[in-house]
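What follows is a short report on a single structure.
In what follows, every chain begins at residue 1, and chains take the letters A, B, ... in the order their sequences are listed.
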Amino acid sequence: MGKTVIEKIIQGHTVEEVKPGKIVWMDLDIRSARDFGGPNVVKNYEREYGETPVADKKKTYFTFDLCVPPSSLKYADNQQICRKFARKQGIKVFDVDCGIGSHVLVEEGLAQAGTTVVGTDSHMNILGAVGCFGQGMGDVDIAFAFRSGKTWFEIPETVKVLLKGSFSSPATAKDLTLYILKKLGTKKAALKAVEFYGEAVKNLTLSGRITFCSMVTEMAGIIGFIPEFGDSLKSEIKDISGIKFSHHQAEKDSSYADEVEIDISGLVPQVAVPFSPDNVQDVSELKGVKIDTGFIGSCTNGRTEDLALAARILQGKKIKEGVTLKVVPATRRVYKEILEKGILEDLFRSGAVVSNPGCSGCAEGHMGLTGEGEVQISTGNRNFAGKQGKGKTYLASPVVVAASCLFGSISSQEDL
Amino acid sequence: MEESVLSGRIWVLLDRKERLIEDIDTDQIYHNAFLHITELSQMGQYALGNLEGWKDFPEKVHSGDILVAGRNFGAGSSRQQAVDCFTALNIGLILAPSFGAIYFRNAVNSGFPVLKCAALDELVAKKALETGDKIEVNFRSGEGWDISKDISFKVEPMSAVQYDILKAEGLFNYGKKLGHE
Ligand code: SF4
């Protein structure tokens with residue numbers, strides 16, 4: 001029987017025969033820890049292995065992204081614990097100036113198609129966007145991976161999702177993502193790998209793929225892949241990371257746990273209503289809902305293309321009096337690009353607060369928590385109660401967030 | 001008895017309508033109010049402390065007993081205490097049709113036995129497995145036997161990897177056997 005994409009990638013990293021349901025030992029190309037989880041990785045490591053060197057320091061990294069530079073003593077201490085360990089071990093730290101770890105690993109050419117990457121980040125599976133098997137794990141697993149270069153993994157079954165139809169502006173990759181999340185819910189893909197097919201996903205840019213794959217976590221899936229790709233993706237990836245791109249394809253006779261077809265034609269902008277990312281509605285059903293603040297960024301929508309979409313809406317206009325908009329580029333590279341392309345200026349002039357790169361308002365980061373009763377519209381991936389503070393968070397595309405900040409209520413491009 | 005065979009008295013986690021409870025999350029297993037506790041011996045008293053109808057579980061259960069639960073046991077957060085509280089009570093095994101992914105990893109890594117049994121819903125529905133029954137399972141062959149009723153059933157055999165980690169009493173110890181000092 002043929003292999004699905006995930007089975008092929010893992011088969012390339014283990015001597016055991018890979019099949020769904022089986023647990024195998026697999027080699028890890030990159031093992032990483034961030035400022036959340038990282039200190040416990042160090043604690044476990046030092047308790048179990050003392051001063052013994054990690055298996056391969058060239059394959060081991062720290063990526064600080066959650067609270068950068070730290071705004072609490074806890075994070076300052078956490079980062080310092082990791083730095084000290086890294087210095088002793090000779091491990092590279094992508095420090096508080098670099099941005100979101102998973103994105104940095106792509107830009108640095110470390111997370112490549114066909115490779116295996118783990119880290120203490122539940123959205124590490126975002127790396128499916130570039131055909132890489134990424135997986136978030138706990139601090140015991142990562143400490144073990146630092147020392148051994150391996151992990152055990154239970155091969156998941158794969159679900160095949162075929163998207164019928166295509167979409168165009170004003171709908172964006174985020175709207176497609178939210179719509180698919182609405183259709184699949186949190187059960188269909190639970191504990192499974194997903195392969196997405198169809199023109200709509202095949203033609204996504206790198207940034208669109210990242211948006212799309214980032215929310216497989218919210219579908220409760222292990223990882224999502226988009227095996228087919230358009231011509232421009234190769235050069236995009238080459239430009240950004242300097243590496244050649246080629247995605248594993250599923251074998252012809254591979255078997256799937258389930259095959260699902262979703263018709264996306266006529267896709268309109270989507271919004272996820274608090275407090276669940278799959279509680280998704282058409283933007284038109286929510287028009288007029290008052291908002292206090294907006295957030296554009298996160299691993300889901302923090303790339304240059306995302307910020308450019310927002311800047312196009314905001315250009316030459318002012319955010320409504322009494323409303324605030326926080327913008328956080330995903331990485332330092334994105335920051336440089338928005339600076340050079342004039343996007344930063346458009347955002348600034350519209351009244352947005354633009355901070356240094358990182359996760360920021362996505363979790364309990366260093367900027368952008370909401371207070372009791374505050375209503376936020378965000379490009380992030382989660383809107384659970386309490387995740388970004390005491391307020392309520394709606395999830396939407398950079399376009400919808402920007403438009404909503406101009407009007408002070410949930411709006412779309414057509415309202416301009 | 002063979003190393004891979006384990007037996008014990010079972011507790012079937014049923015709701016008021018006598019159905020196997022599904023989606024028991026880590027907050028129902030071990031409430032976040034007690035996450036500050038780091039002593040293993042202190043954790044047992046809070047096991048299932050937030051699961052409707054089962055709050056007195058730690059008082060009722062005996063060392064070596066087996067827990068039988070519904071689909072997606074241990075969904076939710078990554079807290080290790082949700083596994084450790086059962087270790088503290090010396091629970092022999094948890095049997096469920098499926099487990100939350102992180103819960104499963106945490107259990108395996110700490111050397112706590114968890115086994116999948118696809119037919120569990122059916123077995124429980126036809127009362128082939130009931131609380132108080134003594135059962136025996138073979139981790140490697142996947143043979144299960146309700147000794148009290150003399151009914152045999154199948155569980156998914158433990159993979160070699162999981163079994164090796166279990167025998168070594170945890171991931172770190174297992175690694176040391178492989179030379180990761
Ligand atoms: S942006 Fe949010 S979801 Fe993404 S890695 Fe950071 S904290 Fe996690």
Side-chain angles (χ1 to χ4, degrees), chain A residues 14 16-26 36-37 40 43-55 118 120-122 125 135-157 186-187 189-193 217 220-223 384 386, chain B residues 22-23 25-27 32 38 71-84 96-112 114-118 139 142 155-166 168 170-181:
Chain A
T14 183
E16 296 165 74
E17 170 68 17
V18 166
K19 59 170 204 265
K22 192 170 157 192
I23 299 180
V24 299
W25 281 106
M26 60 187 277
F36 178 82
N40 279 333
K43 202 167 94 190
N44 284 320
Y45 192 98
E46 293 188 326
R47 186 191 64 239
E48 296 294 330
Y49 309 121
E51 306 265 301
T52 313
V54 296
V118 294
T120 57
D121 165 8
S122 60
N125 52 4
Q135 203 60 197
M137 284 182 183
D139 46 58
V140 168
D141 280 307
I142 300 295
F144 183 84
F146 272 25
R147 179 67 195 96
S148 68
K150 291 181 190 303
T151 196
W152 60 268
F153 202 76
E154 182 176 346
I155 316 296
E157 294 182 308
T186 51
K187 288 238 159 99
L191 303 182
K192 300 197 172 65
T217 309
I222 296 287
I223 191 166
F384 303 130
Chain B
E22 299 190 339
D23 299 311
D25 69 29
T26 50
D27 227 19
N32 65 24
T38 51
R71 199 189 63 85
N72 199 19
F73 185 77
S77 87
S78 60
R79 70 192 63 164
Q80 183 69 37
Q81 286 98 327
V83 174
D84 292 348
S98 64
F99 292 85
I102 305 175
Y103 192 86
F104 190 77
R105 287 198 79 84
N106 286 346
V108 172
N109 286 344
S110 69
F112 184 87
V114 281
L115 274 182
K116 292 179 201 165
C117 174
F139 294 163
V155 300
E156 199 174 292
M158 225 177 241
S159 70
V161 171
Q162 187 186 355
Y163 186 59
D164 288 346
I165 298 174
L166 178 72
L171 181 66
F172 288 123
N173 282 339
Y174 176 71
K176 281 172 189 165
K177 282 192 170 171
L178 300 181
H180 302 138
E181 292 295 339

Give, for atom [atom1] of [X] and atom [atom2] of [Y], the distance between the pair rounded to the nearest 0.5 Å.
{"X": "A/Thr151", "Y": "B/Asn109", "atom1": "OG1", "atom2": "CG", "value": "7.0 Å"}
{"X": "A/Lys187", "Y": "B/Asp23", "atom1": "NZ", "atom2": "CG", "value": "5.0 Å"}
{"X": "A/Arg147", "Y": "B/Leu171", "atom1": "CZ", "atom2": "CG", "value": "12.5 Å"}

- Would a 4.5 Å heavy-atom cut-off, applied to side chains only, mark A/Val24 and B/Val161 as touching? no

Side chain, backbone, both or neither: which part of [X] has a heavy atom under 4.5 Å from chain A?
{"X": "B/Ile165", "value": "side chain"}
{"X": "B/Gln80", "value": "neither"}
{"X": "B/Arg71", "value": "side chain"}
{"X": "B/Phe99", "value": "backbone"}

- Note on the structure: Honestly, the part of A/Leu191 sitting under 4.5 Å from a heavy atom of chain B is side chain

- Can you say whether A/Thr52 sits under 4.5 Å from chain B via the side chain, the backbone, both, or neither, judging by heavy atoms? side chain

- Task: Look at B/Arg105 together with A/Glu154 and state whether they make a salt bridge at an N to O cut-off of under 4.0 Å.
- Result: no

- Query: According to the interplanar angle, ranging from 0 to 90°, do the rings of B/Phe104 and A/Trp152 count as parallel (below 30°), tilted (30 to 60°) or perpendicular (above 60°)?
  - Reply: perpendicular

- Non-neighbouring partners of B/Ala118 that pass side-chain contact (heavy atoms from CB on, under 4.5 Å), sequence neighbours left out: none

- Item | Taking every non-hydrogen atom, the tightest pair across B/Phe172 and A/Tyr49 | CD2-OH, 3.1 Å

